[in-house]
Amino acid sequence: MLKTDCKVAQKGFSAGPVFFCRKAAVYPDPAEDAGLEEERLSRAVEALHNRLSGRLQKADQAEAELFEAEIMILHDAGYTGRARTLVKEENMNAAEALHLAEKQLCEKLLSGGDPYIKERCEDIRGMTAQLISLLSERGTDLPREKCILAGEELSPSDLSLIDPDLILGILTEKGSPTTHVSVLAGNMDVPYLYGVENLEDRLCDGDYVILDAYSGTVIIDPPEEERKAAEERRNRLRREKKQWMEQAAGCFTKTKVYANLSGMHELETLQKTKADGIGLVRSEFLFLNREDPPSEEDQFEVYRRIVSAMDGKEVVIRTLDIDSDKQAGWLSIPPETNPALGQRGLRVSLLNRELFGSQLRALLRTAASGNLRIMVPMVTAEWEIDAVAEEIKAAALELEKRGESYRIPELGVMIETPASVMIAQELASRVRFFSIGTNDLTRYTLALDREVSGLESFYDPLHEAVFRMIALAVKAAHDHGIPAAVCGELGGNPAAVEKLIRLGVDELSVSVGKICQVKKLVSEIEKRNPERFSETNPEEQK
Ligand code: PEP
Ligand code: MG
């Protein structure tokens, strides 16, 4: 038995046999027949194309974007096109040609320093590994039973080959919580751990592993009684989750539990959870990973779909929030020493008024037929809110001229900088609600970036300084008769929920996967304190 600490990309717990996605070895032998070698390469490209297209047909919108991007790269002249040239002109074998083409393309792309491109290079490396497997005999080697998928590094195309119902969990040597594989693991609701050194030397296909992606540990080859206990825990967690879903669907709470929506792929799951509404739509998902900004019409279409999916429940859409890890290449922001303290959040909208105007017009048009509120991120000064109000008026005027129907929705502000906490009274007099973004508020209060590795022990998500800031913001909101929500991760942290409610927070907006658990927790807290949460369920009054 071997127990190792790892990093957590997606929380959860699972156990089962390993299926190892090994990368086939590449040898520098020249091709025996360049014509035949080119044919082998073409067949491998076609086989991978067919696999990706198969997954594309079954994918939801967000996954579809990943698979479409992979198909485009697969046929890129600088990638497989270059590999073909290397086979034809340099007499290289197909695997080596692919390797070299991948290396040259990634070097060229990475010289730009764009974080989006970095992730694309990881995808290209994953595709090369798959093409090389397809060239070798391992091409048909896929799991047939439920398994923990392991590999040095996995890509969306690796996952595209495998029936998602067979994946119990994911374990890799290299990875990060922000990769596409992590997004897919989150969608599939499976735990994902990474950071195990020399994984390939430690694991064989069929080895039994326990993944504890709550504590960040993996146990390889545990004794029989530990396996049994792990399987019981895994099955119990599944049953509990199902129960939460059922119980949460029917329970009324005075403190509203809303959902955070970071992409359209979450919408269907969100509808099943019966959340009270959406407290944060991170609209930037519409603006990233593309070559130009979305048009007003494109935005209107997406906002309308979200609002109508919620069937009259409240939806809060946040305007574009560019961040250090959410950069849009087309915005051409000059390199900054510290992007977390540079052009981000509302600043970008106020510096790009046309872009802001088109987003506001799309939102105002959506509000004409939907229960929509707007909020703005990263506010630090009152004049910024005054400027937003002016832009909203201008957007309304433009729609008026065009004869479009619109409605001016309530405006809210995200409290996520220490400055916004200190001027919360002034801000509260200008807006109709607060939403406290504890992720950024913690980051800027503790002067510590969550993404910097090695400093985890200094990052305390339950820091008293943050709770005191929340208390100030909630008081300012209530002094002005407006509600205060928490939409950062703290709102979904079971260790914080009761404290937040006691501070007077009116709404918690949490990630889709946490809604049921938080709703159940809130309902228990409210039941224990009937004098404070005595409001009756409107459904029961009917
Ligand atoms: C936050 O900062 O808490 C928040 C909800 O916004 P984001 O995580 O998108 O920055
Ligand atoms: Mg934020």
Side-chain angles (χ1 to χ4, degrees), residues 62 115 176-178 182-183 186 256-264 266 270 275 277-289 306 315-328 338-349 359 373-380 384 412-421 424 427 433-452 459-463 465-467 469-470 473-474 484-493 496-497 500 503 505-515 518:
S176 111
T178 57
S182 176
V183 173
K256 295 282 161 264
V257 181
Y258 285 72
N260 292 345
L261 189 85
S262 304
M264 294 303 275
E266 294 172 345
L270 161 61
I278 304 183
L280 164 65
V281 175
R282 291 184 162 99
S283 71
E284 49 282 358
F285 73 81
L286 261 164
F287 292 76
L288 307 178
N289 297 348
I306 298 172
V315 175
V316 180
I317 299 187
R318 172 176 78 186
T319 59
L320 178 63
D321 186 15
I322 292 298
D323 193 354
S324 44
D325 68 341
K326 289 184 283 184
Q327 299 271 349
N338 192 342
L341 301 178
Q343 281 203 45
R344 59 153 307 185
L346 182 60
R347 285 172 206 159
V348 173
S349 298
Q359 181 165 35
R373 293 192 288 173
I374 304 178
M375 70 179 175
V376 284
M378 288 297 294
V379 170
T380 56
E384 293 169 347
V413 71
M414 282 193 76
I415 301 290
E416 53 182 350
T417 61
S420 64
V421 174
L427 293 175
F433 65 97
F434 276 179
S435 190
I436 306 170
T438 51
N439 307 339
D440 277 313
L441 188 58
T442 310
R443 171 204 237 183
Y444 294 117
T445 302
L446 303 186
L448 186 57
D449 220 323
R450 283 172 300 165
E451 282 140 39
V452 178
Y459 187 86
D460 177 7
L462 302 174
H463 201 295
V466 176
F467 282 111
M469 294 232 176
I470 294 172
V474 171
V486 164
C487 66
E489 291 299 303
L490 195 65
N493 183 336
V497 170
L500 291 174
L503 287 178
V505 168
D506 306 286
E507 299 161 10
L508 298 171
S509 192
V510 303
S511 56
V512 174
K514 289 190 178 152
I515 292 167
V518 172

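Counting convention: from 1, in listed order, for ligands and their atoms alike. Fair warning: this is a prediction, and the values are worked out from it, not measured in the lab.
Put simply, Asp321 stays out of reach of the Mg ion (ligand 2), with no N, O or S atom under 2.8 Å from it. Distance check for Glu416 against the Mg ion (ligand 2): an N/O/S atom falls below 2.8 Å.
Here Leu441 has no heavy atoms under 4.0 Å from ligand 1, in either its backbone or its side chain.
Using a non-hydrogen distance threshold of 4.0 Å, Arg318 registers as a contact of ligand 1.
Interface atoms of ligand 1 facing Thr438, defined by a heavy-atom separation under 4.0 Å, are 3 (O). Atoms of ligand 1 found under 4.0 Å from any heavy atom of Leu280, numbered from 1 in the order shown, are 5 (C). Residue Met414 has at least one heavy-atom neighbour below 4.0 Å for each of these atoms of ligand 1: 4 (C), 5 (C), 6 (O). Near Cys487, the atoms of ligand 1 lying under 4.0 angstrom from a non-hydrogen atom of the residue are 5 (C).
In terms of polar-atom proximity, defined here as any N/O pair under 3.5 Å, Glu284 makes no such contact with ligand 1. Considering both main-chain and side-chain atoms, Asp440 comes within under 3.5 Å of ligand 1 through a nitrogen or oxygen pair. Backbone and side-chain nitrogen or oxygen atoms of Arg344 are examined, and none is located within less than 3.5 angstrom of a nitrogen or oxygen of ligand 1.
Val379 is not listed as a side-chain neighbour of Glu416, based on a closest heavy-atom distance of 4.5 Å or more. Between Lys514 and Glu489, the closest side-chain pair of non-hydrogen atoms falls below 4.5 Å. Contact annotation: the side chain of Glu266 never approaches that of Ser511 to less than 4.5 Å [non-hydrogen atoms, C-beta and beyond].
For Asp323 and Arg282, the salt-bridge test fails: no basic side-chain N is under 4.0 Å from an acidic carboxylate O. Classification of Lys256 and Asp506 as a salt-bridged pair fails, no side-chain N sitting under 4.0 Å from a carboxylate O. Ion pair Arg344/Glu284 not flagged as a salt bridge, since none of the NZ, NE, NH1 or NH2 atoms sits closer than 4.0 Å to an Asp/Glu carboxylate oxygen.
Across the listed options Asn439, Thr442, Asn260, Asn439 owns the non-hydrogen atom lying nearest to atom 8 (O) of ligand 1.
Shortest distance from the Mg ion (ligand 2) to Asp440 is reached at OD2 (N/O/S atoms only).
Judged by distance alone, the side chains of Gln359 and Ser349 never bring a donor and an acceptor atom under 3.5 Å apart. Between the side chains of Glu384 and Thr380, a donor-acceptor pair is found at a separation under 3.5 Å.
Proximity of a side-chain donor or acceptor of Ser435 to a complementary backbone N or O of Met414 within less than 3.5 Å is not detected.
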